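Contents: one structure, followed by commentary.
Since the structure is predicted, the reported quantities are computational estimates derived from the model, not experimental observations.
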Amino acid sequence: MNLNYMKEDAVAQLRENMMSNIDSYKSAQDWVGSYLTDDVGMANWFLESRISYQKVKLEIVEGSNREISKTDAENAKRIHKSLRSLSPTQAVDARIWTYLTHCVYQEYMASRWLNNKDDVSKGTIERYFANTNREVIRNGIARLWWYGYLTYDITREDPYELTDFLLSNQNIAQALLERNLGNNKQWLINMLDVIKKYRDDYPGILISQNIKALAKYINYTGGVIVLDCLSKDAIETFFLEWIKKKGIEKAEEILV
């Protein structure tokens, strides 16, 4: 099966009227085709690409936001596997992700992002779109693919080991990817590996404020050092220097 994608005028129409269609988004039904064809008058609003894919069943659970977010790792693996042939260049195309959120995974989207919400904000509905690089990593389906792609490491016994680690703590995912710091795949793999290596020795590194501080430090240092060119050993040295500057204590020191 080949993947479809929306025409740009269809994307623009949906985006312009997204807040007027809140009830349709909440319904999780297949409404976009009839809306664009019958209400708007677009006879042809999507095209077929040459990208092969297979629709997969995504995990959907009810509960708190924390409980729901626990499905991200498994769903990231499923989406990445289903779109393995997608290239990073293609994966920033808003037309692909807008089609997938609206026409393929609308039930998942409503459950994941509109769950138990009486008042839906513009920012929440914007997760159905992906017009900028920042929006791509926030798009409800694109984010899952990028999580999988950026952390997939075929050299490991479990190629998705770092996918599980990245999404075991939403603070890490938000800091290293949603802040546009995760664009280099090998850099991210090396950084995650280093954090994973020292998480037990320095448990404080996984605290939200420290992860955010690390992201700011990386961003600041990136203006002086080309971080993408650092070896894994150099990244480890960089990380340990940050721990020392930050004054994060080792586990045994905390117990004393």
Side-chain angles (χ1 to χ4, degrees), residues 1-60 72 74-114 120 122-152 177-178 180 182-183 185:
M1 180 187 299
N2 287 343
L3 181 65
N4 293 331
Y5 62 95
M6 277 193 190
K7 289 185 174 180
E8 290 185 3
D9 54 349
V11 174
Q13 179 67 34
L14 287 170
R15 180 145 203 162
E16 182 179 345
N17 295 283
M18 61 183 178
M19 298 308 292
S20 300
N21 290 318
I22 288 294
D23 289 340
S24 296
Y25 282 106
K26 285 184 175 182
S27 73
Q29 300 300 311
D30 187 6
W31 62 276
V32 171
S34 60
Y35 169 74
L36 291 174
T37 302
D38 301 334
D39 297 353
V40 180
M42 291 185 182
N44 301 301
W45 52 274
F46 70 89
L47 298 170
E48 182 180 340
S49 73
R50 296 180 181 179
I51 302 168
S52 63
Y53 98 110
Q54 185 66 43
K55 181 180 178 179
V56 293
K57 183 176 179 59
L58 298 180
E59 286 191 353
I60 296 176
D72 284 353
E74 179 58 33
N75 286 335
K77 289 182 273 189
R78 294 181 186 184
I79 286 293
H80 181 246
K81 288 176 182 176
S82 75
L83 285 166
R84 189 75 63 81
S85 63
L86 194 67
S87 71
T89 300
Q90 294 167 327
V92 294
D93 191 329
R95 299 170 300 173
I96 291 175
W97 302 118
T98 304
Y99 183 88
L100 287 172
T101 54
H102 285 82
C103 304
V104 180
Y105 295 111
Q106 62 269 31
E107 182 182 0
Y108 164 80
M109 287 294 297
S111 176
R112 177 66 176 87
W113 299 108
L114 309 181
V120 178
K122 179 181 177 182
T124 298
I125 293 298
E126 283 178 342
R127 286 190 179 274
Y128 282 78
F129 300 89
N131 289 2
T132 65
N133 284 346
R134 177 168 173 76
E135 283 189 356
V136 166
I137 205 60
R138 295 189 75 252
N139 176 278
I141 301 300
R143 66 192 287 273
L144 298 175
W145 186 89
W146 278 101
Y147 287 153
Y149 168 75
L150 287 169
T151 56
Y152 182 81
L177 282 98
E178 293 194 11
N180 297 319
N183 295 327
K185 178 180 173 73

Handout entry: 4.5 Å side-chain heavy-atom contact, Q13 and L36
Key = yes
Practice task
Taking the side chain as every heavy atom from C-beta outward, state whether Y105 and Y99 have any atom pair closer than 4.5 Å.
Solution key: no
Practice task
Could you tell me whether the side chain of K185 and the main chain of Y152 form a donor-acceptor pair under 3.5 Å?
Solution key: yes
Problem - pair E135-R127: side-chain heavy atoms closer than 4.5 Å - result: no
Practice task
Answer whether the closest heavy-atom distance between the side chains of K7 and L47 falls below 4.5 Å.
Solution key: yes
Practice task
Using a 4.5 Å cut-off on heavy atoms from C-beta on, say whether the side chain of M1 contacts that of Y53.
Solution key: yes
Exercise for the section: Can you label the angle between the W145 ring and the Y149 ring as parallel, tilted or perpendicular, going by 30° and 60°? Expected result: parallel
Exercise for the section: State, without any angle test, whether E48 and N2 hold a side-chain donor-acceptor pair at a distance under 3.5 Å. Expected result: yes
Problem - CD/E107: more than 12 non-hydrogen atoms of other groups inside 6.0 Å - result: no
Exercise for the section: Verify the distance criterion only: is there a donor paired with an acceptor across the side chains of Y147 and H80 at less than 3.5 Å? Expected result: no
Handout entry: Flag, side chain of N4 to backbone of F46, donor-acceptor distance under 3.5 Å
Key = no
Handout entry: Donor-acceptor contact below 3.5 Å, side chain E16 vs main chain L14
Key = no
Practice task
Answer yes or no: is there a side-chain heavy-atom contact under 4.5 Å between P88 and W146?
Solution key: yes
